[in-house]
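Below, read A as the first sequence line, B as the second, and so on, with proteins coming before strands; counting in each chain starts at 1.
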Amino acid sequence: MQKLILIDGNSLFFRAYYATAYTGGELMKNKQGVYTNALFGFINMVDKILQQPYSHVLVAFDTKEKTKRHEAFDDYKAGRPPMPQEMAQQIPLIHQYLKELNIKDESLAGYEADDIIGTLSKEAADLGYEVAVYSSDRDLLQLINDKVTIHLLKKGVTDIEDLTPKTFFEKYGLHHSQMIDLKALMGDPSDNIPGVPGVGEKTAVKLLQQYETLENILQNKDQISGKLGERIRENEDKAILSKMLATIDLNVPLDFNFHDLERKQMNYEGLVNFYNEMDLHVFIKKLNKPVETKDDFITKIITDHDQFSTILKPNMAIHIELADFNYHTSDIIGFGLSDGETNYFIPKDIGLASIDFQLYLSDPSIPKLTYDQKAFRTALKWLGYDLQGVTFDLLLSSYLIHQKIAKEDFKVICMAFDYEDIEYDELIYGKGAKKGLPELSIYSRHVAKKAKAIFSLQPLLIEKLKTLELYDLFTNIEMPLAIVLSDMEYSGISVDQNELKQQKTNLKNRIDTLEHQIYESVGKKFNIGSPKQLAEILFVDLGLDPSKKTKTKNLSTNVDVLNTLIDKHPVIPMILDYRQLTKLYSTYIEGIEQSIFADGKVHTIFAQALTATGRLSSLEPNLQNIPIRTEEGRQIRKLFVPSKPNHYFVSADYSQIELRVLADMANVAGLIDAFNKKEDIHTRTAKEVFGSETVTPEERRKAKAVNFGIIYGIGAWSLAEDIHTTPRDAQAFIDKYLSIYPEIKTYMEQTVDNAVKQGYVKTILNRRRYIGELESPIYAVREFGKRTAMNAPIQGSAADIIKKAMIDLHAYIYKNKKKSRILLQVHDELVLEVPESELVEMQKVVPEIMSKAIHLKVALESSCDTGKNWYELK
DNA sequence: CTCCGCCGG
DNA sequence: CATTTCCGGCGGAGA
């Protein structure tokens, strides 16, 4: 099959830039600060396009030179804003990419990409080729014929509309040859093509359906009555000019032949180097490089446990390779061990059967370097072994250096620090359904290389931690916390399975009943869980008013919308109930049920190197979002019970920790005074803002909304939504608030200023958050960066404080040999399991330790509660 | 895989 | 000219 793919390079490049500029926050760039977002989008699109079978390919670009269209019409393409710097920088990258791909990259002075594509599509079609053109420019539609299909990029990267003569007719009601005439009549503001003023798409189509061509319209111009006829007669010259401008030149003098467009092998090494330079590692994975086995890295595979006594030394790097992400259940594949000189692979059974090796792992006086101490320690615990003496953790240290690094594969962490001799896990083990173990020689080497990497990177990372003033945070907080979290995760939390079954049946019955009532109420069956189908029912069948749209222009059916419709139709409250009950059923009842281990407990994983602010997050299952706000949902908490008889749950939570942190960091006299006098902080704020001694509940509610909003870097618009007033009043309200607490205003301004200058903000314990968004050329992204800069030190400092408290509490428990165990952390709250004999002590000690964790200008207060299950707390 | 929706602090 | 309060995890639908 002979198939030619023609790509409109300019069009893809523009689309790529703007599609990725608005979505991902800050503009993407590589380590050297070169912007790569448009390159990234461009590669994605080209990659997708080239997945089909084809024999020939070319990418065409415009040049800066004037074309004959400019000569004919001075204002052609006038009024276009200049290309942003961030975008222009990426043009050479695009060309380099195409060069490495070995794809013909063509432009010609005096002609546009359209003309090159038009000429080639005609020649190829004449030779009997099938032609596929890719662009987002509708102008190219004039090239459609039986051999030539135009693929219009609609939005983003994936949405492509294929136009053939048939689909063109169905869409426009015109023959494809009439496309040029259509544009001649309508004009095109983006190219500054005038067209006939006052004639839009509707009128133009009608005219062309009647008269077929522009020429025929002009011949019959006197028969066209009214204002329309008048306009056509007055603007005849504009229409003719427009047609000329819109017509693609099919006779560009190209000095190459089809042979030059043949599909060729890419330059593999060059492309890998290029991706590495641009930090576009995701594309390297896609290349599916075969695993190479020839280089000078030597892996010693331990086959006999006698060997250990001579190998094991202090300060080696040890890596435990796990088969799955969830280390509570995962198999251990084996151990990597390295002293920087020799690199070993220890098969799981050989290692664990050796007393020498067991003692080595568990000896706290032998320092060891690892990748993820929490995972390794927990995985070993499940098998009955202990890991102690870890002094370095690659995952945690890289997370502190930059919060984004640690989200990726092991290799990406290494590459962030210019360590190259390591492969992607995906390349070794495959992914998805294809995941599995390759032969021993391949994976043993991979694991040993990881150990070598840990060993090699340790000095550099320690040095970086010190220069960034993060070393204390690393050694005093994150490292000891890993052990605390490991204990918490391993302890797990018991689930009352009878309660679970009961709630499950109960919910199921209520959902079934509701489902039938809903079908009856609207008169037909549909999938209530589908927002799309629900929108159809509500806004089309029932004719209700759609008040809001989603981000992608669909009609929204979320709670806010449904609540505004609540008395407009009896089905609305049923749907709200249905949503709540199915949420509880699938996310919580079924979700938790699936996560129960053989010991009758759930063992969550607290991700310690994930969030941008320094908070923890909880996974599989997430125990940080168990319902509490509605009574119905709160019932779920009855599932969680102490694991032993005569034990209780004790929970303690910080009161207003974020506002206290703000009061401290910004030194806010009014807030500090209020907290020290133990006043209700929202009431106090309301008194000051409204200038009265008595405060209505409504006033307190508003004050609370601002107090929270201020932490998030509030805007008037959203505060207005929140407290149901106009943005104008909301702004006045914020102004008043800031005049009462003027230190907040100063602090926020300084924080943002500093963030802009330095590129990051810091918490109480020096934790950094880099905010690249502040450099974005896009207003909305920069504004987002400012809010982040204001919020991150507050949220992050609160996270620092509770982490310190957890470490102190854990130390207290061990030092005093208590049987109480910390089970959960929910951002400002700790939940413990406490034997009856320790109840009184822990009720006193836990809040005390939390309060004293870090000294602030205001007291940290913590309340405490006790119960027989989680529901009874608070 | 992305979107929508909803649970928590 | 615009902008729409921060940080997360997870389930189901639909492509």
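Here the side chain of Thr611(A) is nearest to one of dC4(B), dC6(B), dC7(C), namely dC7(C). Looking at the side chain of Ile628(A), the nearest of the listed nucleotides dC10(C), dG8(B), dT3(C) is dG8(B). Of the candidates dG9(C), dG9(B), dT3(C), dG9(C) carries the atom nearest the Ser617(A) side chain, counting heavy atoms from C-beta on. For Trp717(A), the side-chain atoms get nearest to dT4(C) when compared with the rest of dT4(C), dA2(C), dG8(C). Candidate nucleotides dG9(B), dA15(C), dC7(C) were compared by shortest atom distance to the side chain of Lys532(A), and dA15(C) ranks first. With distances taken from any side-chain atom of Asn527(A) to the nucleotides dA2(C), dG14(C), dC6(B), the minimum falls on dG14(C). Here dG9(B) is the nucleotide among dG14(C), dG8(B), dG9(B) with the atom lying nearest to any side-chain atom of Gln795(A).
Taking a cutoff of 4.0 Å between a charged side-chain nitrogen and a carboxylate oxygen, Glu699(A) and Lys704(A) do not qualify as a salt bridge. One finds a salt bridge joining Glu593(A) and Lys504(A) here, because a Lys/Arg side-chain nitrogen approaches an Asp/Glu carboxylate oxygen to under 4.0 Å. A salt bridge does not link Glu872(A) to Lys638(A): none of the charged nitrogens lies less than 4.0 Å from a carboxylate oxygen.
One interatomic measurement links the two molecules: OH of Tyr871(A) to P of dG8(B), which rounds to 14 Å at whole-angstrom precision. For the pair Asp560(A) CG and dT4(C) C1', the interatomic distance rounds to 13 Å; values are reported in whole Å. For Glu773(A) and dC6(C), the CD to P distance is 11 Å, given to the nearest whole Å. Atom CG of Leu623(A) is separated from atom P of dG9(B) by 13 Å (rounded to the nearest Å). Summarising the geometry, the separation between CD1 on Ile575(A) and C1' on dC6(B) is reported as 16 Å, rounded to the nearest angstrom. Rounded to whole angstrom, the span from the OH atom of Tyr712(A) across to the P atom of dG8(B) amounts to 13 Å. Atom CD in Glu593(A) sits about 17 Å away from atom P in dC10(C), given to the nearest Å. Atom CZ in Phe526(A) sits roughly 11 Å away from atom P in dG14(C) (whole-Å rounding).
Across all strands shown, Ala612(A) has heavy atoms under 4.0 Å from sugar-phosphate atoms exclusively, and none from any base. Within the 4.0 angstrom heavy-atom criterion, base atoms lie near Gly709(A). Contacts of Leu610(A) with the nucleic acid, taken as non-hydrogen atoms under 4.0 Å apart, involve only primed sugar atoms and P, OP1 or OP2. Ile626(A) comes within 4.0 angstrom of the backbone, heavy atoms only, and of no base. Residue contacts shown for Glu620(A) are limited to sugar-phosphate atoms, with no base heavy atom under 4.0 Å away.
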Review point. Taking it one step at a time, do Gln503(A) and Glu499(A) satisfy side chain to side chain donor-acceptor pair (under 3.5 Å)?
Key: CA-CA 6 Å; Gln503(A) 290 202 22; Glu499(A) 177 71 23; 2.8 Å; yes

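Distances shorter than 4.0 Å separate some side-chain N or O of Arg769(A) from OP1 or OP2 on dC7(C). Taking side-chain N and O atoms only, Thr587(A) has no distance below 4.0 Å to OP1 or OP2 of dG9(C). Put simply, Ser530(A) has a side-chain N or O that comes within less than 4.0 Å of OP1 or OP2 on dG14(C). Thr557(A) has a side-chain polar atom (N or O) that falls below the 4.0 Å cut-off from OP1 or OP2 of dG5(B). Proximity of Gln533(A) to the phosphate of dG14(C): a side-chain N or O atom is located under 4.0 Å from OP1 or OP2. Distances shown here put a side-chain N or O of Arg629(A) below 4.0 Å from the OP1 or OP2 atom of dG8(B).
Separation of the Phe283(A) and Phe40(A) ring centroids falls under the 6.0 Å cut-off.
A donor-acceptor contact under 3.5 Å is not formed by the side chain of Asn791(A) with the base of dC6(C). No hydrogens or angles were tested; on distance alone, a donor-acceptor pair under 3.5 Å links the side chain of Arg615(A) to the base of dC7(C). Taking only distance into account, the side chain of Lys583(A) meets the base of dC6(B) through a donor-acceptor pair shorter than 3.5 Å.
Between His402(A) and Tyr770(A), the two ring planes are parallel [angle under 30°; tilted spans 30° to 60°].
Residues Ile477(A) and Lys804(A) are in side-chain contact: their nearest non-hydrogen atoms beyond the backbone lie under 4.5 Å apart.
Here, dG5(B) and dT3(C) have their C1' atoms 24 Å apart, quoted to the whole Å.
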